[in-house]
Amino acid sequence: MSVAAIDPVALVALAQEAASIEGILLDLLPIAIIAAGVGIFVAKVGRFPYTVALLLAGFAVSVVGATTRAVDIDIALSHDLILLVLLPPLLFEGAATTDLERLRRNLVPVLALAVVGLVASVVVLGVAGAELFGFPLLVALLFAAMILPTDPVSVLALFKELGAPDRLAVLVEGESLINDGVGVVLFSALLSLVVRGADPTRLFTVEGVARVAFDLVAVSLGGLLVGLLTGYAVYSVMVNLDERMTETVLTLILAYGSFLLAEHYLHVSGVIATVVAGLFIGNRGAEYAMSPQTKISVFSSLETVAFLVNTFVFLMIGVVTPVEQLLSHVELIALAVPAVLLARALAVYPIATALNRFVEQTIPRSYQHVMLWGGLHASIPIALVLGLPRSLADGTPFPYREELRAMVFGVAAFSLVVQGMTMSSLLQRLGIVTRSEVEELYELLVGRRRAVEEALSAAERLEGRGNLPREVYRDFTDEYERELDDLRTAIATLLADNPELRRERLLVGERQLLQREKSAVMDAVRSGVVTDDVGRQLLDEVDLKLDQLRSGETTVERGEEGYTEFWRSRAAEFGLDVELEKDGDAGTPHD
C-alpha cells in the first residue's frame, strides 16, 4: 500500500482511539497503585476488612480530588458498568462456590427472606418513608426498592474475609444472591409508574398487586430457565472435554453470557440466571465435568477475577461518592439509616420466628442478629440509583433525584463502613465461632495430602515416560510416601479426637458418593445395561438414602452396614449366599 493511499480520516480515528485507550490506562494505574497500597496496609495491620479499607481509601481520594484536584480519576461508575460488566463474575463466583446441598436444606428460609421479607420491608419503608422523608408515596417506595436488597458483592466479600459459619453464610449469602432479582423487578415496576406520573393508589389495587406479582414470577422463572439451559449447555461441552484453559474460558463466557442473554435479550432476571448457572457449574459441573487440575484452574481464575472486580468496585464506590451531596442532605441520610435497619428488622425477626415453628433446623436468635446487621447495601443500590433518568415522560425533571442519590450513597457508606467494620466484633460478642482451629488444621492436612498424592502421581508419570531416572524416582517416592503416611495418621487421629468433625466429613463424603451412585445408575439405564423398571428401583433407593442423609442421619456406621439394600433380600430369595443384616428390614435404614 502506498503512502498516498492512506486515508487521513482513518488515521485521525486511530489516533483518537489510541488516545482514549491511553487515557483509560492512565486512570486505571492510580486505582491499581491505591489498591496495592491498601493491600499492604491490611496485610501489615492484620484483621481489617480489605473491602472497607478500599472504600475508605476511595473516600479519601474523593475528598482530596474535590478540594485540591491533586488526584483525578476520570472513570464513571455507571449503572451499566456495574450491572453488565462488574456484577456477573461476582455473582457467578459466589454461586459457584456455594454448596448446593446446604442451600437446598436452607431454601425455605432463604426464599422467605428474599421474597416475602423483601416485599414486606419495601412496603413498610415506602409507606413510612413518605411521611418521614416528605416524599411522594411512589418515590418513597422507589427508594425502598433500591436500598433494601442486600448486596451479594458486599456480603460475599465480607463473609469470606471473616470465615462465617457455613449455615449462617448460606442463609445470608443465599438471600443476597436471590433478593436482587426480586428487588430489580420491584424497582423497574415502580420506576415505570414514577416516569409515567401514574396514580400511586393503582399499585395497591388488586390489579396492581397482581401485575407486580405476575412480573416477579415471570421474570424470576425466566431467569431460572435461562440459567439452567445455559449452564447445562456449557456443562455438556465440558463433560466431554479435558482442557483446563478452555474450560476456564467457558465458565467466564457462561458468567457473562447467561446474564446478557437473560437481561438484555429476553428481559428476564439476569441476576437469577447467573446465580443458577453458577450453582450448576460449581456443583454438578465441578463434580462430573472437571478433572482435579481443571477445578484448580477454574476456581482459581474465578477467585482472581472476583478479587480484582471487588477491588475496583469498592474503591470506585468511595471515589464517586458525592461528598458535597452527602453533606447537603445529611439530615435525610440520618433519617434513612435507622429507617432502613428498622425495615429490615421487621422482615428478619418475624419471618425467622415464624419459620422456627415449622422447620426442624431453626434459625438461632444470634444468627438473626447477624442477618440483620450483615444485610449490607452497596453496589446494587448504587447501580440502581445511577440508572435513574434525569426527566419524566412529560419532560419534567425526575423528582427528588439528587436526594435519592445522596440517601443511597449515604446508607451504602454507613452499611459498608460501620456495619462492615463491626461485623467481626458482633460475631465474637454473640459467641458465633467463625472457623475453629480444628477445622483449619483439618483443611491444612487434607490440602497437603492432596498435594503429596498429586506429586506422587506426577512422579510416576514422569518416570514412565523416561523423563525421571529410576533412582531419582525412588528418592522422590520414598520421601513423599513417608509424608503421606504421616499425614494419613494425623488426619485419622484428628478425626478420632473430634467426633463432630468426623461426622460432618462423613455426611459430606457420603453425599458425594451417593450422587455418583445415582449418576452411574442413570448412565446404566441410558446405555441399556439395566431396564427402566430396575433402574427406577435402584434410583429410588439412592434417593431414600439421600433423604436420610439430608435429615442428618448417615447410612454408614462403624463396624456395620447402616443400611440394608433391597438387592440383598432379592438375591437371598434366589438362594445366593449373601450376608443380611440381622437388625432392621431390607431396604430400610437401621435405627
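On a predicted model such as this, the values are computed, not experimentally measured, just so you know.
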Would you say [X] and [Y] make side-chain contact, with heavy atoms under 4.5 Å?
| X | Y | value |
| --- | --- | --- |
| Thr274 | Leu254 | no |
| Leu376 | Thr150 | no |
| Met238 | Thr251 | yes |
| Phe280 | Leu100 | no |
| Val359 | Arg105 | no |
| Leu260 | Leu84 | yes |
| Ile380 | Leu87 | yes |

* **Audit row: Leu113, Leu118, side-chain contact (heavy atoms from CB on, under 4.5 Å) steps and yes/no** => CA-CA 6 Å; Leu113 289 166; Leu118 180 64; over 6 Å; no

State whether the side chain of [X] and the backbone N or O of [Y] hold a donor-acceptor pair below 3.5 Å, judged by distance alone.
| X | Y | value |
| --- | --- | --- |
| Gln419 | Trp373 | yes |
| Tyr256 | Val85 | yes |
| Ser415 | His377 | yes |
| Asn179 | Pro149 | no |
| Lys295 | Ala286 | yes |
| Glu247 | Glu243 | yes |
| Asn283 | Thr98 | yes |

Quick check on [X]: does its [atom1] atom have over 12 non-hydrogen neighbours (other residues, nucleotides or ligands) under 6.0 Å away?
| X | atom1 | result |
| --- | --- | --- |
| Glu454 | CD | yes |
| Glu303 | CD | no |
| Tyr480 | OH | no |
| Tyr232 | OH | no |
| Arg461 | CZ | yes |

Kindly give the heavy-atom pair with the smallest separation between [X] and [Y], and that separation in Å.
| X | Y | value |
| --- | --- | --- |
| Ser297 | Ser301 | O-OG, 2.8 Å |
| Ala112 | Leu355 | CB-CD1, 4.0 Å |
| Val418 | Thr422 | O-OG1, 2.7 Å |
| Gly270 | Ala262 | CA-CB, 3.8 Å |
| Ile363 | Ala352 | CD1-CB, 4.3 Å |
| Ser258 | Thr230 | CB-OG1, 3.6 Å |

Can you measure from [atom1] ([X]) to [atom2] ([Y]) and round to the nearest 0.5 angstrom?
| X | Y | atom1 | atom2 | answer |
| --- | --- | --- | --- | --- |
| Leu54 | Phe312 | CG | CZ | 12.0 Å |
| Leu252 | Phe92 | CG | CZ | 8.0 Å |
| Ser176 | Met371 | OG | CE | 10.5 Å |
| Glu93 | Leu90 | CD | CG | 7.5 Å |
| Thr531 | Arg536 | OG1 | CZ | 8.5 Å |
| Thr311 | Met316 | OG1 | CE | 13.0 Å |

Is [X] salt-bridged to [Y], cutoff N-O under 4.0 Å?
| X | Y | value |
| --- | --- | --- |
| Asp485 | Arg482 | no |
| Glu443 | Arg450 | no |
| Glu175 | Arg344 | yes |

* To do: For Met290 and Val298, run side-chain contact (heavy atoms from CB on, under 4.5 Å): C-alpha distance rounded to whole Å, both residues' side-chain angles, the deciding distance at 0.1 Å, then the answer.
  => CA-CA 9 Å; Met290 298 182 193; Val298 168; 4.1 Å; yes

* To do: Could you go through the side-chain contact (heavy atoms from CB on, under 4.5 Å) check for Leu456 and Leu484 one step at a time?
  => CA-CA 10 Å; Leu456 285 169; Leu484 186 59; 3.9 Å; yes

* Taking atom types as modelled, is there a side-chain donor on Ser269 or Ser220 under 3.5 Å from an acceptor on the other? -> no

* Polar contact flag, side-chain donor to acceptor under 3.5 angstrom, Thr294-Ser291 -> yes

* Run the salt bridge (Lys or Arg N to Asp or Glu O under 4.0 Å) check on Arg167 and Glu173 step by step: do they pass? -> CA-CA 10 Å; Arg167 183 163 186 254; Glu173 294 172 7; over 6 Å; no

* To do: List the steps and the verdict of side-chain contact (heavy atoms from CB on, under 4.5 Å) for Leu495 and Tyr442.
  => CA-CA 9 Å; Leu495 293 175; Tyr442 176 79; 3.9 Å; yes

* To do: Show your reasoning for whether salt bridge (Lys or Arg N to Asp or Glu O under 4.0 Å) applies to Arg448 and Glu483.
  => CA-CA 10 Å; Arg448 180 56 190 168; Glu483 184 178 1; 2.7 Å; yes

* Asked: With respect to Val446, which candidate in Leu441, Leu487, Ile491, Leu494 satisfies the side chain to side chain contact (heavy atoms under 4.5 Å, CB included) definition?
  -> Ile491

